[in-house]
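Have a look at the structure below before the remarks.
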Protein chains: 2
Amino acid sequence: MPGNSTVLQQKSDCMTCSFRELCLPVGLTDEEIEYLGNLINYKFKVRRGEYLSHAGSDFKSLYAVKNGSFKTCVLKVDGRQQVTGFYMTGELLGLDAISPEKHTCDTVALVDSEVCEVPFKKLEEIGQNIPSLMSQLHKIMSREIVQDRGVMMLLGSMRAEERLAAFLLNLSTRLARRGYSPTDFILRATREDIGSYLGLKLETVSRSFSKLQEEGLITVNIKHITLHDVDKLNLRIGNSAD
Amino acid sequence: MPGNSTVLQQKSDCMTCSFRELCLPVGLTDEEIEYLGNLINYKFKVRRGEYLSHAGSDFKSLYAVKNGSFKTCVLKVDGRQQVTGFYMTGELLGLDAISPEKHTCDTVALVDSEVCEVPFKKLEEIGQNIPSLMSQLHKIMSREIVQDRGVMMLLGSMRAEERLAAFLLNLSTRLARRGYSPTDFILRATREDIGSYLGLKLETVSRSFSKLQEEGLITVNIKHITLHDVDKLNLRIGNSAD
DNA sequence: CGACTAATTGACTGTGTTCAATGAGTGTGG
DNA sequence: CCACACTCATTGAACACAGTCAATTAGTCG
């Protein structure tokens, strides 16, 4: 049973999951998915603000976000805290914990959410017989590395407004892949969380939102964001517009 | 043949490699290492300043650093460049390329170096029969994620001197694991590379070195660094001293 | 030795932080 | 239903840290 999350176990089912094309089952045959489904036995509900896992706790399972949204964050002994990632539907939580066999961060639900538990040892076991499952795991881990590199780029070489633009574009892309509007969405995180993730203070995040709005690139209504010119936003952060 | 590196192919041999306890063979039986050795056929020499791989090029193999030192860096269309990582003996290059199947960064030798080529498809294949090899790969990838998270922490919430202290401590730990002095070492990277990695300008890196030296925590002699008080350095970056 | 590249240091500038006040939104209880 | 408390967001003014520009020194390689 993870953290202090509300446990409401229920049989999970990859076959009927509408997000299996985003998650571990990618590239598997129906038969293989059935097999994987036997591994992924349970899904949990985690209510807004509750912890799915705590830094330092033992690692046993990965968690696939079935629906909802999470942040991961690290709290250092001197009180400094930092958000290290945001996770949405179909994304895999806990990859950082594999090597130390301890969770390295707290994982908190930003909205009422559900996760599917993936016991890691068992995943490696059945992976022996399903090559494409292993491949998919490797790709997911690689993607996590690429994503983190992107954040490093952002933190290391972008100014406040650029960081925020990059963050919004990243959300936009991920939402689009899930069938949501890439230009009109609701932020789940507070200004403080966003700031922490982007290496900025919440006031700077707020000011940057206002600046981007003044420039006509976005509209901000507290948590409701509309992107007006994705190409210009991309140019702003040093990507080609295509 | 990777990048424009000097190709001097030679049979590689994990069995006799003094760094196998840091690298992919960790936890494998002699028999399994023999098997792995058949996969890792060649090692390449890459001279200082030469590229092992270029961003955008096709991904076929991981490269294990046999000896020497590398940096990975990304160059954006607008000219911004950033160093995303430093790699030393026993570490695995190219994990970011698995998912996109293209290299996402340039990999450059900081000193004359050697790498062992690990064809990735084949690695996944023989991993089917050697569970501990797959586990080790997962641990290495997970460790890369943890390492990157550390850099994100650093970039997101530390000031210049703290960043530099964290960088030096990280190097120190990795060198110690390789049997080198953790308190007395030679930097392979320039101030500019270090700055790029830490999200600072080279002048700021230089000033931070001087500050830490004035405080008596380190001695700096261009590339030769001596750490005088690892505990205090750790406290400085919000780690407990133990 | 001369031509490089790399590193240090100083003076000034600018971006983001800090501190503070205000406003908007939400939930609770009288 | 409204008052109150609370959290979250916005905005302003002063300040600090790192960036920029520039000059100098140290080190390296042909």
Side-chain angles (χ1 to χ4, degrees), chain A residues 47-49 69 71 79-83 108 110-112 154-168 186-215 218-226 236-237, chain B residues 47-49 69 71 79-83 108 110-112 154-168 186-215 218-226 236-237:
Chain A
R47 297 236 188 80
R48 177 182 168 170
S69 203
K71 68 173 176 183
R80 270 186 277 207
Q81 195 199 16
Q82 187 166 350
V83 173
V108 187
L110 295 173
V111 293
D112 292 354
L154 176 157
L155 292 169
S157 64
M158 289 185 186
R159 308 227 259 77
E161 288 155 49
E162 297 170 332
R163 294 184 196 192
L164 187 61
F167 172 72
L168 294 174
I186 306 292
L187 292 174
R188 256 68 231 235
T190 65
R191 299 288 189 265
E192 185 163 19
D193 283 339
I194 296 170
S196 174
Y197 183 61
L198 299 178
L200 301 169
K201 295 294 157 187
L202 69 92
E203 295 94 328
T204 309
V205 174
S206 183
R207 274 185 250 271
S208 300
F209 268 124
S210 302
K211 270 277 186 63
L212 291 176
Q213 182 165 238
E214 278 165 35
E215 294 175 42
I218 65 174
T219 297
V220 186
N221 197 325
I222 314 289
K223 302 237 179 217
H224 183 176
I225 307 293
T226 311
R236 202 75 142 58
I237 63 171
Chain B
R47 297 238 187 77
R48 177 184 166 168
S69 204
K71 68 173 177 183
R80 270 186 279 208
Q81 197 198 15
Q82 188 166 347
V83 173
V108 187
L110 294 173
V111 293
D112 293 353
L154 177 157
L155 293 169
S157 64
M158 289 185 186
R159 309 224 258 78
E161 288 155 51
E162 296 170 332
R163 293 185 198 191
L164 188 61
F167 173 71
L168 294 174
I186 307 291
L187 293 173
R188 257 67 232 235
T190 64
R191 299 289 189 266
E192 184 163 19
D193 283 339
I194 296 169
S196 175
Y197 183 62
L198 299 178
L200 302 168
K201 294 294 156 186
L202 68 95
E203 295 93 329
T204 308
V205 173
S206 183
R207 274 185 250 271
S208 301
F209 269 125
S210 303
K211 270 276 185 62
L212 291 176
Q213 181 165 238
E214 280 165 35
E215 294 175 40
I218 66 175
T219 298
V220 186
N221 197 326
I222 313 293
K223 301 239 180 216
H224 183 177
I225 306 294
T226 310
R236 202 73 142 59
I237 62 172

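None of these values were measured; they are calculated from a predicted model.
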query: Could you give the NE2-to-P distance, from B/His224 to D/dT28, as a whole number of Å?
result: 14 Å

task: Could you state the atom-to-atom distance from CD of A/Glu162 to P of C/dT15 in whole Å?
output: 11 Å

query: Salt bridge between B/Glu214 and B/Arg207, side-chain N to carboxylate O under 4.0 Å?
result: no

message: Between A/Glu162 and A/Arg236, does any side-chain N to carboxylate O distance fall below 4.0 Å?
response: no

query: Is any NZ, NE, NH1 or NH2 atom of the basic residue among B/Arg48 and B/Asp112 found under 4.0 Å from an Asp or Glu carboxylate oxygen of the other?
result: no

query: Does B/Lys223 NZ have over 12 foreign heavy atoms under 6.0 Å away?
result: yes

query: What is the minimum heavy-atom distance between A/Tyr197 and A/Leu155, and which atoms define it?
result: O-CD2, 3.9 Å

query: Could you write nucleotides 7-23 of chain D as a row of B, S and -, 5' to 3', where a protein heavy atom under 4.0 Å of any base atom gives B, of only sugar-phosphate atoms gives S, and otherwise -?
result: --SBBBB----SSBB--

